[in-house]
Amino acid sequence: MMTELLAGLNPQQQEAVTTGDGPVLVLAGPGSGKTRVLTHRVAYLIREVGVYPGSVMAVTFTNKAANEMRSRVESLLESRLTGVQLGTFHAICARLLRRESQHTPYTADFLIYDRDDQLAVIKQAMAEAEVNSSKMRPGRVLGAISAAKNELITPEKFSAPTYFGEVVKRVYPRYQEILVANNALDFDDLLMQMVFLLQNNDEVRERYQRYYEYLLVDEFQDTNMAQYQLVLLLSKPQNNVFAVGDEDQGIYAFRGADYRNVMHFRRDFPDAKVILLEQNYRSTQVVLDVARAVISKNTQRTPKALFTERGGGVRVTLYEAYDEREEGTFIVERIEDLRREHGYDYKDFAVMYRTNAQSRAIEDACVAMNLPYRLVGGVGFYKRREIKDLLAYLRLINNANDTVSFTRIVNVPKRGIGKKSIADFRKWVAKNNFTQELALSVIAEGGEFPLSGKAARSMTEFTKNIFAWRKQADDGDLTLLLDDIVARTGFNLYLHDISDSENQTIERSENVRELRGLLKEYEGETLGEFLAEIALVADVDEIDDNDDKVTLLTLHSAKGLEFPVVFISGVEDGLLPHIRSFDDSEGMAEERRLMYVGVTRAMDELYLSYTFRRAMYNATGGPNEPSRFLEDIPAHLTKDIPPMLAQKQNQRAFADEISWETDWDAPRLGQRMRDDAHAATPKPEPKPTLFKSNQRVYHGIFGEGIVIESKRVDDDDEEVVVSFAEGGIKRLMASFAKLTILDG
DNA sequence: GGGCCGTCGCTTTTT
DNA sequence: GCGACGGCCC
């Protein structure tokens, strides 16, 4: 029923769902129901327009979003959804490249290398190109190559007029050769090779252009050039492309995404119908107003009139903590309070942060107070050492040409094949022009090779095992295969050797058991299929919404999600906005968008917290400045304004006055811009105060603390704001409180 | 060849 | 505070 598909949709959403053929651009604010629009449109196309499901391609930002979309469309259609090409750009490209592998330099069972694998290849390539990897950081070189690939620049076309660029130019071709020889693609290759396949092979391009009649792309603001080219290529000739995005939520510029692709779309499809979704169904008015206050300072954007019918709402809480430990405790305690008082479940809460490192303090607080939580990202399951080792076994068994996996495990667990032996083996392979697979089979079958003694015996046994395991993999029982690998390599003993404690050994064994369980889930599929599927799993994909746990995640991972109560921690200058963006206005704009994304995840309540000092590595940092973004939030939207933020606002007002007066005389824009950028010029005092910022002081009851500020109230008294390590932040009159200056 | 120990650099953010 | 890496000694 048509009415059923449109029930509960507002007029703009209905229009988006039912618009006929041709390009459509949906500019969708946060919480405006874009997921609903996408799912309803897919269902509408299939059921009302009669489109064949196989001719629909729908691109989502995460696998999780793809799964959700699938199940929602299925419940709308009341039937299984088969045939629709649904997934992330990366997953879809991997699927198509496997299908068309005969037209690519790879075979259908190619591997997908993650960042660690890539770094291993980069190091090998740098060594072979005779680049000193201690001088030239492999990570930087990899970054440059990745950026080039996102711009569809091949090794031959690569050029950069700097010394660093010259180095990259030498490494890039070698890097790419190794990948091809290993039958492996990196994440960027998935997109780039797909674009090249479509560009260079008329038959394939025309076949897919004909086949995929309807293209839907979510999170369009986070597409990069390669992805945009894919959209342009695949949408022809019908131009039935339905792009949904929000320039204000573009947060992936660092991996080549360009939010201006939203505008490019209007340029490249001038007849595109543009639909605005401005009604927010998620957040309270207060939350939306805070979001607007933050984002409206960005200049390069289309202003939107976001509105909600959820008028009012609880004011936002700003919280100033002494350090990250106190911040963690505050958050955890508040979660327990809200749960008790308002009946929230744990899964209704999210704690967000700018950098993964911040999660540790929050986790510690959760553990200390026995609060169930789930950590998204960080050191994920697939990044654990023991899991990477075992996966390397599985990968090498699946593809004996995988040099990265071979190097990782040829001597893991230790079997007496050291650096020298590996180097000799490599030389031998190169001299004879062998593939790695051929070389390994020569050794397994007892042929001549240059090692001797224990190394030779171990190598022979290792290669024999690899081929025996391959047979076992072909027989289909992957859990049995894993058991055999663990048994024959003495893996459990190895787990003990690499662990610092008995607990760690147990933890690692549990991880191995978890991997075994995972393999069981893939019963009936081949080893290749298993490896292909786990390669593109993102951390967010793992979130199980039924688990009643608090979610800890980065602001980046939070995109597309929503929670009744959101805590954003570490809202400090240097963290959010991150210090690496200070000197770059594009970067600063992106930090604002990041904050905007975080704020707009909140449905009911929002907490923004910052610390006075935050431990970095092992040293205690600080004093920190509250984020400049906090200054943009009007006071009527917040509960109390904590002392450091209040002080900063006063300073800003004072500095603005000064520079306004200066403008009166002679314009000093430079000065003014510096003030705006740092906003923390020290406030001149009419009479010097006894206590000064950053002094260490001692109080009889509260103990040791740090002076945040001191204000003279009259000639012989001053008001001192002190942050005590134990007692929190206190406002004291110098004449009453017996404060001793410890130093400073 | 393996193990131990000191140094260094590190953190944005991720498919 | 931690992991990667290089140097040194057995």
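As the structure is a computational prediction, the values presented were derived from the model and not from experiment. Letters A, B, ... are given to chains in the order of the sequence lines, protein chains preceding strands, and every chain is numbered from 1.
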Determine, stepwise, if the pair A/Asp246 / A/Glu219 fulfils side chain to side chain contact (heavy atoms under 4.5 Å, CB included).
CA-CA 7 Å; A/Asp246 179 5; A/Glu219 305 284 6; over 6 Å; no
Rounded to the nearest Å, what distance is computed from the CZ atom of residue A/Arg457 to the C1' atom of nucleotide B/dG1?
14 Å
Tell me the interatomic distance from A/Glu219, atom CD, to B/dT13, atom P, rounded to whole angstroms.
20 Å
More 5' along DNA chain B: A/Lys454 or A/Phe61, using each one's nearest nucleotide?
A/Lys454
Considering only heavy side-chain atoms of A/Phe254, the closest of B/dT11, B/dT13, C/dC5 is B/dT13
Over all strands shown, is A/Lys414 touching base, sugar-phosphate only, or nothing at heavy-atom distances under 4.0 angstrom?
sugar-phosphate
Whole-Å distance between C/dC2 P and A/Arg385 CZ?
15 Å
Please give, in whole Å, the distance from B/dT14 C1' to A/Leu119 CG?
14 Å
Phosphate oxygens OP1/OP2 of B/dT13: is one of them under 4.0 Å from a side-chain N or O of A/Ser557?
no
Check the phosphate of C/dC5 against A/Lys123, side-chain N and O only, distance under 4.0 Å to OP1 or OP2. Yes or no?
yes
Please pick, from B/dG1, B/dT13, C/dC2, the nucleotide with the shortest atom-to-atom distance to any side-chain atom of A/Thr355.
B/dT13
Base, sugar-phosphate, or nothing: which does A/Asn411 touch, judged by heavy atoms less than 4.0 Å apart?
sugar-phosphate
Could you check whether A/Ser421 gets within reach of a base, just the sugar-phosphate, or nothing at all, counting any heavy atom under 4.0 Å?
sugar-phosphate
The residue among A/Leu375, A/Leu553, A/Val550, A/Thr551 that forms side-chain contact (heavy atoms from CB on, under 4.5 Å) with A/Val351 is A/Val550
Cation-pi check, A/Arg593 to A/Tyr596: give yes when NZ or CZ is under 6.0 Å from the six-membered ring centre and within 45° of the ring axis, no otherwise.
no
At under 4.0 Å, does any side-chain N or O of A/Arg137 touch on OP1 or OP2 of B/dC10?
yes
Quick one: label A/Tyr252 by what it contacts on the DNA or RNA (base, sugar-phosphate, nothing), any heavy atom closer than 4.0 Å.
sugar-phosphate
Output all residues satisfying salt bridge (Lys or Arg N to Asp or Glu O under 4.0 Å) with A/Glu247, sequence neighbours left out; order by chain, then residue number.
none
Establish, from distance only, whether the side-chain atoms of A/Thr403 and A/Asn182 form a donor-acceptor pair under 3.5 Å.
yes
A/Lys420 has its side chain closest, among B/dG1, C/dC2, B/dT11, to B/dG1
Please state how far atom CD in A/Glu586 lies from atom P in B/dT13, giving the value in whole angstrom units.
20 Å
Measure from NZ or CZ of A/Arg628 to the centre of the six-membered ring of A/Phe582, then state whether that distance is under 6.0 Å and the direction lies within 45° of the axis.
yes
Would you say a side-chain N or O of A/Asn150 is under 4.0 Å from OP1 or OP2 of B/dT15?
no
5'-most contact on DNA chain B (nearest-nucleotide basis), A/Glu591 vs A/Ile417, goes to A/Ile417
Rounding to an integer number of Å, can you tell me how far A/Phe187 CZ sits from B/dT14 P?
12 Å
At 4.0 Å (heavy atoms only), tell me whether A/Ile251 reaches a base, stays on the sugar-phosphate, or touches nothing.
nothing
Within this structure, what is the NZ-to-P distance between A/Lys64 and B/dT15, rounded to whole angstrom?
13 Å
Nearest-Å distance for atom pair CG/C1', residues A/Leu191 and B/dT14:
13 Å
Please list residues of residues 84-92 of chain A whose heavy atoms come under 4.0 Å from any atom in DNA chain B, ordered by number; otherwise none.
A/Thr88, A/His90
Residues in side-chain contact (heavy atoms from CB on, under 4.5 Å) contact with A/Val412, at least two apart in sequence or another chain
A/Asp389, A/Tyr494
Parallel, tilted or perpendicular: which fits the ring planes of A/His264 and A/Tyr228, with parallel below 30° and perpendicular above 60°?
perpendicular
